[in-house]
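Keep in mind that this is a model prediction, so the values were computed, not measured.
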Amino acid sequence: MLKTKGFSLVELLVVVAIIGALASVGTLAYNGYVKGARKTAAQNAMQQIALMQTEYYSLTGGYYGDATCSPSASGTSGINTNLFDTEGDEKIIDVENYEFCVEDVKEDTVKVGFLIKACINQDGSCSGGVLTLDSKGADNF
């Protein structure tokens with residue numbers, strides 16, 4: 001009887017199955033890390049917007065914002081243009097899959113602050129929860 005060296009088909013199939021299981025677990029973990037990193041980047045961008053609101057207030061005597069807003073590409077573009085003085089395609093606030101906007105906070109028709117909103121934009125609309133940060137530093141992260 002000849003004895004050959006090598007692996008049997010069953011042994012190779014077991015190894016492939018183990019590698020596949022490890023790859024699927026690794027992919028899920030990686031996607032979770034990426035999602036968490038994007039959320040952190042969005043939170044940092046919101047802090048950056050709040051700091052620019054302070055500078056904008058010192059220059060103009062008021063806060064930048066809209067009466068109401070929903071995070072969108074145009075809202076993000078307005079923030080870049082009006083708060084960060086960017087032109088054209090230049091972007092300071094640019095977090096992959098996230099859109100932003102700034103809404104006025106009024107008391108008795110007087111603008112007294114702002115509310116920054118951010119959300120994940122998928123297929124042109126917000127999905128998941130909306131992150132917020134107001135002029136007093138209160139957030140819902």
Side-chain angles (χ1 to χ4, degrees), residues 2-141:
L2 291 172
K3 192 169 184 180
T4 60
K5 293 183 179 184
F7 299 106
S8 71
L9 182 59
V10 173
E11 291 170 328
L12 289 174
L13 287 174
V14 168
V15 168
V16 168
I18 291 171
I19 290 172
L22 291 173
S24 67
V25 168
T27 301
L28 290 174
Y30 174 76
N31 288 338
Y33 291 133
V34 169
K35 185 177 178 181
R38 285 188 185 135
K39 182 177 179 182
T40 300
Q43 292 168 345
N44 289 337
M46 292 171 75
Q47 292 286 346
Q48 209 174 357
I49 293 167
L51 288 172
M52 285 308 292
Q53 282 281 38
T54 303
E55 184 175 338
Y56 188 87
Y57 186 85
S58 70
L59 295 173
T60 65
Y63 292 112
Y64 167 77
D66 298 320
T68 60
C69 75
S70 178
S72 64
S74 63
T76 305
S77 177
I79 291 168
N80 280 315
T81 301
N82 295 307
L83 284 179
F84 293 92
D85 291 327
T86 61
E87 296 178 12
D89 291 338
E90 184 182 5
K91 297 176 185 175
I92 304 295
I93 301 300
D94 187 22
V95 179
E96 188 176 346
N97 296 337
Y98 273 87
E99 299 295 348
F100 302 85
C101 73
V102 179
E103 186 174 297
D104 294 337
V105 172
K106 293 183 178 183
E107 290 180 7
D108 298 326
T109 68
V110 177
K111 191 189 282 191
V112 295
F114 58 86
L115 179 66
I116 303 165
K117 297 179 182 180
C119 73
I120 296 175
N121 185 2
Q122 292 181 342
D123 301 325
S125 64
C126 284
S127 65
V130 175
L131 304 175
T132 62
L133 176 66
D134 70 13
S135 53
K136 297 178 183 176
D139 60 49
N140 74 341
F141 316 152

Exercise for the section: Can you establish whether the number of heavy atoms outside Glu11 located under 6.0 Å from its atom CD is more than 12? Expected result: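 More than 12 heavy atoms, drawn from other residues, nucleotides or ligands, come within 6.0 Å of this atom.
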
Practice task
Return yes when atom CZ of Phe84 has more than 12 non-hydrogen atoms of other residues, nucleotides or ligands closer than 6.0 Å, and no otherwise.
Solution key: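 Counting neighbours around CZ of Phe84, more than 12 heavy atoms of other residues, nucleotides or ligands fall under 6.0 Å, so yes.
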
Work out which heavy atom in [X] is nearest to a heavy atom in [Y]; give both atom names and the distance.
| X | Y | value |
| --- | --- | --- |
| Phe100 | Ala45 | CZ-CB, 3.8 Å |
| Cys119 | Pro71 | SG-CB, 3.7 Å |
| Thr86 | Ile92 | CG2-CG1, 3.6 Å |
| Tyr98 | Ala42 | CD2-CB, 3.6 Å |

Separation between [atom1] of [X] and [atom2] of [Y], rounded to the nearest 0.5 Å:
| X | Y | atom1 | atom2 | result |
| --- | --- | --- | --- | --- |
| Ile93 | Met46 | CD1 | CE | 10.5 Å |
| Asn80 | Thr76 | CG | OG1 | 7.0 Å |
| Tyr64 | Leu59 | OH | CG | 15.5 Å |
| Ser135 | Leu115 | OG | CG | 8.5 Å |
| Cys69 | Ile116 | SG | CD1 | 10.0 Å |
| Met52 | Leu83 | CE | CG | 6.0 Å |

Exercise for the section: Could you note down all residue pairs passing salt bridge (charged side-chain N to carboxylate O under 4.0 Å, His left out) where residues 130-141 supplies at least one of them, sequence neighbours left out? Expected result: none

Practice task
Mind jotting down which residue pairs meet the salt bridge (charged side-chain N to carboxylate O under 4.0 Å, His left out) criterion with at least one end in residues 72-95? Sequence neighbours excluded, please.
Solution key: none

Practice task
Output every pair passing side-chain hydrogen bond (donor to acceptor under 3.5 Å, both in side chains) with a member in residues 31-52, not counting sequence neighbours, ordered by first then second residue.
Solution key: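 Sorted pair list: Arg38-Glu96.
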
With sequence neighbours excluded, tell me which residues meet side chain to side chain donor-acceptor pair (under 3.5 Å) with [X].
| X | result |
| --- | --- |
| Lys111 | Asp104 |
| Glu103 | Lys117 |
| Ser72 | Ser74 |

Exercise for the section: Using a 4.5 Å cut-off on heavy atoms from C-beta on, say whether the side chain of Tyr63 contacts that of Val105. Expected result: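 Contact flag for Val105/Tyr63 side chains = no.
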
Exercise for the section: May I ask you to test the Leu133-Phe114 pair for a side-chain heavy-atom distance under 4.5 Å? Expected result: no

Please confirm whether the backbone N or O of [Y] pairs with a side-chain atom of [X], one donor and one acceptor, at under 3.5 Å?
| X | Y | result |
| --- | --- | --- |
| Thr27 | Ala23 | yes |
| Thr81 | Gly78 | no |
| Asn97 | Ile120 | no |

